[in-house]
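Notes follow the structure.
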Amino acid sequence: MATAPELLDRGPAIQIRPMSESDISDVIAIERASYQFPWSEGIFRDCLRVGYVCRVVTVSERIIGYGVMSVGAGEAHILNLCIHESYRCNGVGKKLLTFLLDRGTASGMTEAFLEVRPSNTSAIRLYLSLGFEQVGMRRGYYQAVGGREDAAVLKLALRPRRASRQRLE
Ligand SMILES: CC(C)(COP(=O)(O)OP(=O)(O)OC[C@H]1O[C@@H](n2cnc3c(N)ncnc32)[C@H](O)[C@@H]1OP(=O)(O)O)[C@@H](O)C(=O)NCCC(=O)NCCS
C-alpha cells in the first residue's frame, strides 16, 4: 500500500476545493485527532453558514486537510488550518495556507492575522516561513489542560502576487 508521501508524489496532485456540509464528518475526524480541544461540528457548520472561506485538501478525493478563513474590513483571519497527521511535513499545509492567503489578497484584503499557541512550534515555523511576524500576545486565550494558554498573534501584510491571479474558488 502506498504511503502518504508516495501518494503525494504521484498523480493526481492534491486538490483544494470548497468545503461542504457533507465533508464535515471527515473534517471533524481529522480535527479530533489533531487538537486536544477540537472545534465541534456546530462550529464548522456555522463557518459554512456565515460564508467564511472553508476549503478542504483532497488526494484522490480523500480529505487530508482543511482550512477556514474569515475576510472583512481589509483583514483576513486564518481561523483553522489542519492537515491529517499522516500527510504532515510534505508541504501540504504551506500549499493550503498560501492558497488561503492568495484568496484573501484576491478579495482585496491587505493584512492577514492568526493566533497560535506558543507551544505549537511546527505551526509557528510554517507561519514564519511565509513571512508572518508576531505582533502581540493574547493572555489566556486558549483552553489548556489545567488552565489557559496564551496565544501569539501573528500578522502578514498581503500584497498582490502573480499567484493571486489564478482561478481561486
Ligand atoms: C501546522 C500544520 C498545519 C503544518 O502542516 P504541514 O503540512 O505539516 O506543513 P508543511 O509540510 O507545509 O511545512 C511547511 C513548513 O512548516 C514548518 N514545519 C511544519 N511542520 C514542522 C515540524 N513538524 N517541525 C518543524 N517544522 C515544521 C517548516 O518550516 C516547513 O517548511 P520546510 O518543510 O520547508 O522546512 C500541521 O502540523 C497540523 O495540521 N498541525 C495540527 C493542527 C495545528 O496545530 N494547526 C495550526 C493551528 S494554529
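All ligand and atom numbering here is 1-based and tracks the order in the structure.
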Should Lys155 and Glu111 count as an ion pair when the cut-off is N to O under 4.0 Å?
yes
Looking at Gln134, I'd like to know if its CD atom is crowded, meaning that more than 12 non-hydrogen atoms belonging to other residues, nucleotides or ligands lie closer than 6.0 Å.
yes
Sub-4.0 Å atoms of ligand 1 with respect to non-hydrogen atoms of Val116
48 (S)
In terms of atom number and element, which parts of ligand 1 are under 4.0 angstrom from non-hydrogen atoms of Cys82?
39 (O), 42 (C)
Check step by step if side chain to side chain donor-acceptor pair (under 3.5 Å) holds for Ser107 and Arg103.
CA-CA 6 Å; Ser107 303; Arg103 178 72 165 67; 3.0 Å; yes
If you scan the protein for heavy atoms around atom 5 (O) of ligand 1, do you find one that is closer than 4.0 Å?
yes
Any idea which atoms of ligand 1 are less than 4.0 Å away from a heavy-atom of Ala123?
1 (C), 46 (C)
re atom 24 (N) of ligand 1, the protein heavy-atom contact at minimum distance is Ser122 CB, 4.0 Å
Beyond-backbone contact of Ser34 with Glu85, side-chain heavy atoms, under 4.5 angstrom:
no
Side-chain donor-acceptor pair under 3.5 Å between Tyr35 and Asn80, yes or no?
yes
Taking atom 37 (O) of ligand 1 as the reference point, the nearest protein heavy atom with its distance:
Arg88 CD, 3.4 Å
Return the minimal non-hydrogen interatomic distance between Met137 and Val153, and the atom names on each side.
N-CG2, 4.3 Å
Are any of the N/O atoms in Ile83 less than 3.5 Å from those in ligand 1?
yes
Candidate with minimal heavy-atom separation from atom 8 (O) of ligand 1, of Gly93, Cys89, Gly91
Cys89
Please work out which of His84, Lys94, Glu85 has its closest non-hydrogen atom nearest to atom 34 (O) of ligand 1.
Lys94
Taking both backbone and side-chain atoms of Tyr87, is any N or O found less than 3.5 Å from an N or O belonging to ligand 1?
no
I'd like to check atom 41 (C) of ligand 1 in this structure: does the protein have a heavy atom lying under 4.0 Å from it?
yes
Identify, for atom 28 (C) of ligand 1, the protein heavy atom at the shortest distance, and state residue, atom and that distance.
Arg125 CB, 4.3 Å
Side chain to side chain donor-acceptor pair (under 3.5 Å), that's the test. Do Glu31 and Tyr66 meet it? Break it down for me.
CA-CA 9 Å; Glu31 174 81 8; Tyr66 51 90; 2.5 Å; yes
Side chain to side chain contact (heavy atoms under 4.5 Å, CB included) with Ile78: which of Leu100, Val68, Leu96?
Leu100
Suppose I only count heavy atoms of Asn120 and a 4.0 Å limit; which atoms of ligand 1 are within that range?
43 (C), 44 (O), 46 (C), 47 (C)
Have a look at ligand 1 and work out which part of Asn80, if any, has a heavy atom under 4.0 Å from it: side chain, backbone, both or neither.
neither
Determine if the distance from atom 11 (O) of ligand 1 to the closest protein heavy atom is below 4.0 Å.
yes
same_hphob_cluster(Tyr87, Ile30) at 4.5 Å side-chain heavy-atom cutoff:
no
I'd like to check Leu48 versus Glu21 (side-chain heavy atoms, cut-off strictly below 4.5 Å). Are they in contact?
yes
What part of Glu115, side chain from CB on, backbone N/CA/C/O, both or neither, has a heavy atom under 4.0 Å from ligand 1?
backbone
In terms of its nearest heavy atom to atom 3 (C) of ligand 1, the top option of Leu81, Leu128, Asn90, Thr121 is Leu81
Protein non-hydrogen atom found under 4.0 Å from atom 45 (N) of ligand 1
yes
Starting from atom 13 (O) of ligand 1, find the nearest protein heavy-atom neighbour and note its residue, name and distance.
Leu126 CD1, 4.5 Å
Test ring-ring contact (aromatic ring centres under 6.0 Å, His included) applied to Phe132 and Phe113, step by step:
CA-CA 8 Å; Phe132 277 88; Phe113 289 88; 8.8 Å; no
Give yes if a backbone or side-chain nitrogen or oxygen of Tyr35 is under 3.5 Å from a nitrogen or oxygen of ligand 1, and no if not.
yes
With the threshold set at 4.0 Å, does a side-chain nitrogen-carboxylate oxygen contact exist between Asp23 and Arg17?
yes
More than 12 foreign heavy atoms under 6.0 Å from CD of Glu41: is that the case here?
yes
Quick look: Tyr127 vs ligand 1, heavy-atom contacts under 4.0 Å, and the answer is side chain
